[in-house]
Amino acid sequence: MVSLKSLFLAIASVASVYAAPAEGVELVARADTGPVGYFSYWWTDGTANATYTSGAGGGYTITWSNNTGQFIGGKGWNPGTSTRVINYSGLYKPDGNSYLSVYGWTRNPLIEYYIVESYGPYNPSSAGTNKGSVNCNGASYDILQATRVNQPSIEGTKTFLQFWSVRNPKKTPGGSISGTITLSCHFNAWRSLGMLTGSSHAYQIVATGGSGPSGTSTITIA
Ligand SMILES: *[C@@H]1O[C@H](CO)[C@@H](O)[C@H](O)[C@H]1NC(C)=O
Ligand SMILES: *[C@@H]1O[C@H](CO)[C@@H](O)[C@H](O)[C@H]1NC(C)=O
Ligand SMILES: *[C@@H]1O[C@H](CO)[C@@H](O)[C@H](O)[C@H]1NC(C)=O
């Protein structure tokens with residue numbers, strides 16, 4: 001029989017796997033918003049000169065300068081869903097390569113997905129294969145799929161598919177930005193193209209990622 005103590009340790013170690021290399025899960029009940037918490041995620045490749053600051057509620061700020069490494073971070077939920085309607089707003093001012101997107105994972109099968117709202121000079125889905133397009137929240141999104149071979153994942157180094165929806169045209173970077181993302185619109189479009197996400201969700205965030213030399217992104221989600 002599994003003792004309560006070993007069960008607790010198993011849960012705790014799973015939680016630390018989810019959290020690493022993230023900054024950690026933030027679950028804070030607030031009197032004004034009810035028991036709503038946000039998951040906070042931060043990753044760099046070890047060389048990125050970037051700073052993640054977790055703000056109140058669904059807010060965060062990432063700043064980077066003289067940067068040559070890669071980073072991604074943001075706030076969201078753990079686990080994610082395929083039906084959430086996400087609002088985001090803030091200031092997105094990247095200099096060079098960067099993207100602002102919903103970013104998440106499913107398991108069984110392991111899928112990494114991005115719904116990209118804005119990006120710098122380089123479209124981060126460029127390595128993908130075009131599968132079609134869909135209209136969501138009043139805009140057109142290109143749909144792409146890519147295969148990642150022996151790459152880092154939430155299950156260690158694995159080979160897995162990436163699904164992409166990329167707003168076309170992108171929201172203009174360099175200043176104020178806001179939007180609404182109805183996830184079911186994207187997940188349904190992917191499914192209709194044979195792009196099947198997994199049976200369970202891992203984390204799901206509104207992420208700022210980048211590899212460009214400098215920038216700042218201050219985003220609040222709801
Ligand atoms: C930028 O990075 C380079 C290489 O790491 C370093 O030599 C240089 O001093 C840095 N510049 C600033 C302003 O920090
Ligand atoms: C890293 O960024 C900070 C400010 O964000 C800057 O002062 C510092 O020079 C940078 N470090 C390197 C090694 O470039
Ligand atoms: C998201 O924004 C829409 C309007 O664009 C609003 O109706 C909805 O209540 C907002 N949802 C949240 C969770 O703030």
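One-based numbering, in listed order, for ligands and for the atoms of each. Below, all heavy atoms of this structure are taken into account, side chains as well, without hydrogens, waters or symmetry copies. Bear in mind the structure is a predicted one, so any value in this text is a computation, not a measurement. Residues take their numbers from the sequence shown, with the count starting at 1.
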**OP:** Taking all non-hydrogen atoms of both residues into account, name the closest pair between G212 and N67 and its distance.
**Re:** O-ND2, 2.9 Å

Contacts table for residues 89-96: side-chain donor-acceptor under 3.5 angstrom, sequence neighbours left out:
{"unit_1": "Y92", "atom_1": "OH", "unit_2": "S98", "atom_2": "OG", "d": "2.7"}
{"unit_1": "Y92", "atom_1": "OH", "unit_2": "Y99", "atom_2": "N", "d": "3.1"}
{"unit_1": "D95", "atom_1": "OD2", "unit_2": "S214", "atom_2": "OG", "d": "3.3"}

Name each donor-acceptor pair under 3.5 Å that joins a side chain in residues 215-222 to protein atoms two or more places apart or in another chain, with its distance.
{"unit_1": "S217", "atom_1": "OG", "unit_2": "T208", "atom_2": "OG1", "d": "2.8"}
{"unit_1": "T218", "atom_1": "OG1", "unit_2": "T61", "atom_2": "OG1", "d": "3.2"}

[X] heavy atoms, cut-off 4.0 Å: which ligand 3 atoms fall inside?
X: A222; result: 13 (C), 14 (O)
X: N87; result: 1 (C), 2 (O), 3 (C), 8 (C), 10 (C), 11 (N), 12 (C), 14 (O)
X: T180; result: 5 (O)

Original post:
side-chain contact (heavy atoms from CB on, under 4.5 Å) between W43 and F71: does it pass, once the steps are laid out?
Top reply: CA-CA 6 Å; W43 175 89; F71 64 87; 5.5 Å; no

Please report, to 0.1 Å, the donor-acceptor pairs under 3.5 Å made by any side chain of residues 186-195, with sequence neighbours excluded.
{"unit_1": "H186", "atom_1": "ND1", "unit_2": "S165", "atom_2": "OG", "d": "3.0"}
{"unit_1": "N188", "atom_1": "OD1", "unit_2": "R191", "atom_2": "NH1", "d": "3.2"}
{"unit_1": "N188", "atom_1": "ND2", "unit_2": "S184", "atom_2": "O", "d": "3.1"}
{"unit_1": "W190", "atom_1": "NE1", "unit_2": "S165", "atom_2": "OG", "d": "3.0"}
{"unit_1": "S192", "atom_1": "OG", "unit_2": "A189", "atom_2": "O", "d": "2.8"}

**OP:** List, ordered by chain and residue number, the protein residues whose closest non-hydrogen atom lies under 4.0 Å from any atom of ligand 2.
**Re:**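 Residues near ligand 2: N49, S65, N66.
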
**OP:** Determine whether the aromatic ring centres of W164 and Y141 lie less than 6.0 Å apart.
**Re:** no

**OP:** Please answer whether the main-chain N or O of G55 pairs with a side-chain N or O of K75 as donor and acceptor at a distance below 3.5 Å.
**Re:** yes

